[in-house]
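Keep in mind that this is a model prediction, so the values were computed, not measured.
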Amino acid sequence: MRHYRHLSAEERDRIAEMHARHEGVSAIAAAIGRNKSTVSREIARNGRNGRYGAIAAQSRSDARRKACRPRKRLSDPALAAEVRRRIVDDRWSPEQIDGRFRLERGGRCVVSFSTIYRAVNAGELDPPQAAPEERVRGRLRRRGRRPGRGREETRGRIKVDHEVSERPREADARSRLGDWEDDTVVGPTPACC
């Protein structure tokens with residue numbers, strides 16, 4: 001599969017020069033080493049009233065390429081200000097902001113928490129010329145750190161220091177006080193007794 005190359009400014013200059021001399025599309029295409037359909041489309045797309053100008057064609061092409069790029073979700077100033085306010089003033093986490101937006105908008109994703117983290121880490125939500133203490137990253141609960149993918153949650157877990165195989169023989173004989181096992185779970189009392 002071939003990769004498409006956009007026309008350069010030099011190629012557009014050559015097209016404009018040859019088109020002004022009323023040379024045919026095939027001759028122009030051969031001169032710049034492009035397919036004649038590429039040259040024909042270029043003249044039709046960027047020419048006006050039978051004339052073709054290289055500078056105007058380049059600026060139109062640049063404007064079209066810029067318009068077709070995907071826009072960042074937080075490029076909307078109102079949305080960025082709302083996210084910043086909820087982090088700085090309300091001390092919400094990006095996960096809470098994402099969840100609230102989904103709840104308010106019927107399950108539709110407005111901006112994901114990972115997008116918010118990327119914007120915070122890149123400084124896109126910081127005020128202009130922000131001092132280090134004014135940066136949004138410092139207002140996050142974890143100071144911008146978040147658990148990595150695949151990491152197991154360790155909070156609330158009891159760490160087991162000794163395995164059952166390491167238990168002394170006296171405990172198996174139950175010869176000492178405290179070696180007896182007992183059920184510590186309280187369940188329903190039997191109705192028959």
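Under the side-chain contact (heavy atoms from CB on, under 4.5 Å) criterion, Val25 pairs with Lys36, Val39, Ser40, sequence neighbours left out. Taking the side-chain hydrogen bond (donor to acceptor under 3.5 Å, both in side chains) definition, one finds that Arg21 meets it with Glu17, Glu23, sequence neighbours left out. Under the rule for a side-chain contact (heavy atoms from CB on, under 4.5 Å), the partners of Asp90 that lie at least two apart in sequence or sit in another chain are Arg85, Arg86, Trp92. The salt bridge (charged side-chain N to carboxylate O under 4.0 Å, His left out) search around Arg34 returns Glu11, not counting sequence neighbours. The side-chain contact (heavy atoms from CB on, under 4.5 Å) check on Arg135 picks up Asp126, Ala130, Pro132, with sequence neighbours excluded. The salt bridge (charged side-chain N to carboxylate O under 4.0 Å, His left out) check on Asp98 picks up Arg102, with sequence neighbours excluded. In this structure Arg64 satisfies the side-chain hydrogen bond (donor to acceptor under 3.5 Å, both in side chains) test together with Asn46, sequence neighbours excluded. Every residue two or more places apart in sequence or in another chain was checked for a ring-ring contact (aromatic ring centres under 6.0 Å, His included) with His22, and none qualifies. When the side-chain hydrogen bond (donor to acceptor under 3.5 Å, both in side chains) test is applied to Glu166, the partners found at least two apart in sequence or on another chain are His162. Evaluation of the side-chain hydrogen bond (donor to acceptor under 3.5 Å, both in side chains) rule for Ser26 yields no partner, not counting sequence neighbours. Applying the side-chain contact (heavy atoms from CB on, under 4.5 Å) criterion to Asn35, with sequence neighbours excluded, gives Ser37, Thr38.
Between Glu82 and Phe101, the closest heavy-atom pair is CG-CZ, 3.9 Å.
Residue pairs satisfying the salt bridge (Lys or Arg N to Asp or Glu O under 4.0 Å) criterion with at least one member in residues 42-62, sequence neighbours excluded, are listed as follows: Arg12-Glu42.
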